Amino acid sequence: MIEPQQYGQQALQEYLLLDYVQRLETRKYGHRAVHIHMSRMKPFHRRDYHIRVATNTFESYVKLYVGRIFVLTNNDLIFVWKDKSIADVEPAVDTLRYLFRDDPLSQDDSEETGFCTWYNLNTEFQEFLLLCQHLDERAKKLQQNLNMRAAQQRDKDETLQPIDAENLAQLEETIHSADLSEHIRQQPVCVFAHGGSKELHPVFDEFFVSITDLRNALMPKIDLASNRWLFQHMTEVLDKRMLNYLCKRTFKTHASSFSLNLNLGTLTSKDFDKFDETVRRKWPGNVIIELNQVDLFSNLETYLKVRDDFHERGYRILIDNLTVESLSFVDRKRLKADFIKVAWREEMTDNVIRKKYGEMDSLVKNSGRERVILCRCDSPTAIKFGQSLGITLFQGRYIDQMIARQRRAKRAAKAGQKPAATKPAAPKPAERKPTS
């Protein structure tokens, strides 16, 4: 057998799967497995993003059911667990069927061509072992195609060290004692005035902690996002610090509403209850909760439980971090979210306008053009693209620059009017043009 170090990062999963199943033979009773045939779906639904969402759907089951999840080279998923029935895992598979409901495979229940295959290792161990051996052989043949990706990953690892539990403990202690205000950023989501005007009006301001600035200030040589679970724990700590900051400090926003980017788990914490009592109930405008779509689909049951309650309490919900690809299976109306954010990328002008413009136009229309926010807009091209789809809400560095110029122009105009309103004398020091 090939040594594990000879496998690429992704193909290593086949080796680990076979090794795991071989060692399982003497203690196979009580184990079951499901093989999700992602490779049988349409190419559009087999992109890296979709695979990450599908994998995250099983993460909670890994902990609860002493399970192992394997992502294969062809993007298939295999989940093996112990001491629970197939019926206990069916909800996760049903979630995937819902997420990929636009793909014909999601409705195919046949054993030979269907969406998934179930195995009871009490009686079907040899059949499952043969499958794993076949997958291992195929991984060896595909190794050459993975070499370039492995080399790129090594280059990245040499630049930043992955975060570990010790790094996290140090970072958490620093976060608790540091002045968080130095790392809090405020960025508006804006709408253009009617009648073809280029004037922008802030609809709400997003408050968030800049992870990049935080890393550069506290741990410049550590890749904070290298471990998903440690990174999520860190963001939950930041959530609580942000909420405490808003409860204790007087903060200003140019809009009547503001948003916070939070983890779903934070919404059921005592820190959030305090924020709800201290800030939200006294706030005259809307408070919008921004949820990362990966976090949402990884904890869909939690979202469905809290969603209606939060709407009744006056909150608005925004699904963040969407891409052109993920738009196809995020149904804003069915999820009862108030807004969705789609991230702008320069390649949209090539890949979307030429090939997928019609599809994206339909998806934006179905979501509600006034409910879609195009974020990360760093150029006029992004604005033109969004407006061509009927999108009216924008966020990003270019919007920040436009807002800054707009405010400077208004201050200059206001300062210039003051002398005309009084006697034609030299302006007083207080009437000089303010600097930006």
Side-chain angles (χ1 to χ4, degrees), residues 9 49 51-69 71 79 92 95 153 156-157 159-185 206-248 259-276 289-306 310 317-321:
Q9 184 178 7
Y49 169 83
I51 304 306
R52 288 198 302 271
V53 171
T55 305
N56 290 335
T57 301
F58 281 93
E59 290 289 357
S60 59
Y61 291 82
V62 170
K63 289 186 174 182
L64 290 173
Y65 297 162
V66 194
R68 290 284 299 272
I69 182 78
V71 183
F79 177 56
T95 297
Q153 185 64 40
K156 178 181 178 181
D157 292 342
T159 304
L160 294 175
Q161 296 298 318
I163 190 171
D164 56 27
E166 184 178 353
N167 298 144
L168 180 64
Q170 295 174 357
L171 181 61
E172 186 173 347
E173 182 178 352
T174 304
I175 289 174
H176 280 300
S177 59
D179 182 3
L180 193 63
S181 62
E182 295 182 3
H183 307 293
I184 291 179
R185 301 292 177 263
E206 177 187 0
F207 288 88
F208 62 95
V209 175
S210 171
I211 300 297
T212 301
D213 291 348
L214 186 70
R215 187 200 70 199
N216 292 339
L218 305 181
M219 289 187 170
K221 296 183 179 181
I222 302 299
D223 184 358
L224 301 181
S226 58
N227 182 299
R228 177 178 179 269
W229 294 110
L230 295 182
F231 181 76
Q232 181 171 337
H233 178 78
M234 182 197 71
T235 58
E236 289 173 352
V237 173
L238 288 174
D239 284 353
K240 295 176 182 179
R241 290 284 284 122
M242 170 69 85
L243 293 172
N244 289 332
Y245 168 84
L246 295 176
C247 288
K248 295 178 181 179
S259 73
L260 297 173
N261 202 311
L262 300 174
N263 289 280
L264 257 174
T266 303
L267 302 185
T268 57
S269 67
K270 293 181 180 179
D271 297 89
F272 189 85
D273 290 339
K274 180 181 178 182
F275 166 81
D276 182 75
I289 304 299
E290 300 199 22
L291 300 172
N292 187 292
Q293 49 92 23
V294 174
D295 182 30
L296 186 151
F297 287 124
S298 299
N299 303 278
L300 190 57
E301 292 183 9
T302 301
Y303 171 75
L304 296 177
K305 288 179 182 178
V306 305
F310 270 69
I317 296 174
L318 184 156
I319 303 177
D320 189 17
N321 200 31

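Since the model is a prediction, treat every value here as computed from it, not as a measurement.
Between the NZ atom of Lys240 and the NZ atom of Lys270 there is a distance of 10.0 Å, given to the nearest 0.5 Å. Within the model, atoms CG of Leu238 and NE2 of His233 stand 10.0 Å from one another, a figure rounded to the nearest 0.5 Å. Residue Glu236 holds its CD atom at 5.0 Å from CG of Asn263, rounded to the nearest 0.5 Å. Ile289 CD1 to Asp320 CG: the interatomic distance, rounded to the nearest 0.5 Å, is 12.0 Å. Here the CE-OG1 distance, from Met242 to Thr266, works out to 11.5 Å after rounding to the nearest 0.5 Å. Taken from CG in Leu267 to OG1 in Thr302, the straight-line distance is 9.5 Å, to the nearest 0.5 Å.
Between the Asn292 side chain and the Val294 main chain, a donor and an acceptor come within less than 3.5 Å of each other. Counting only distance, with no hydrogens or angles, the side chain of Asp276 and the backbone of Phe272 share no donor-acceptor pair below 3.5 Å.
Among residues two or more places apart in sequence or in another chain, the salt bridge (Lys or Arg N to Asp or Glu O under 4.0 Å) test is passed with Asp271 by none. The salt bridge (Lys or Arg N to Asp or Glu O under 4.0 Å) search around Asp295 returns none, not counting sequence neighbours. For the salt bridge (Lys or Arg N to Asp or Glu O under 4.0 Å) test, residues two or more places apart in sequence or in another chain that qualify with Glu290 are Lys341.
In this structure, Leu291 and Leu262 approach most closely via the heavy-atom pair CD2-O, 3.5 Å. Closest approach of Leu264 and Asn299 over heavy atoms only: CD1-O, 3.6 Å. Of all heavy-atom pairs spanning Ser210 and Arg185, the tightest one is CB-CG, 3.8 Å. Across all their heavy atoms, Asn56 and Ser298 have their closest contact at CB-OG, 2.9 Å.
The closest side-chain heavy-atom distance from Leu243 to Lys274 is not below 4.5 Å. The shortest side-chain heavy-atom distance between Ile175 and Met234 falls under the 4.5 Å cut-off. Looking at Asn261 and Thr235, their side chains never come closer than 4.5 Å, going by heavy atoms from C-beta outward. Counting heavy atoms from C-beta on, the side chains of Leu260 and Leu246 come closer than 4.5 Å.
Between Tyr61 and Phe79, the two ring planes are perpendicular [angle over 60°; tilted spans 30° to 60°].
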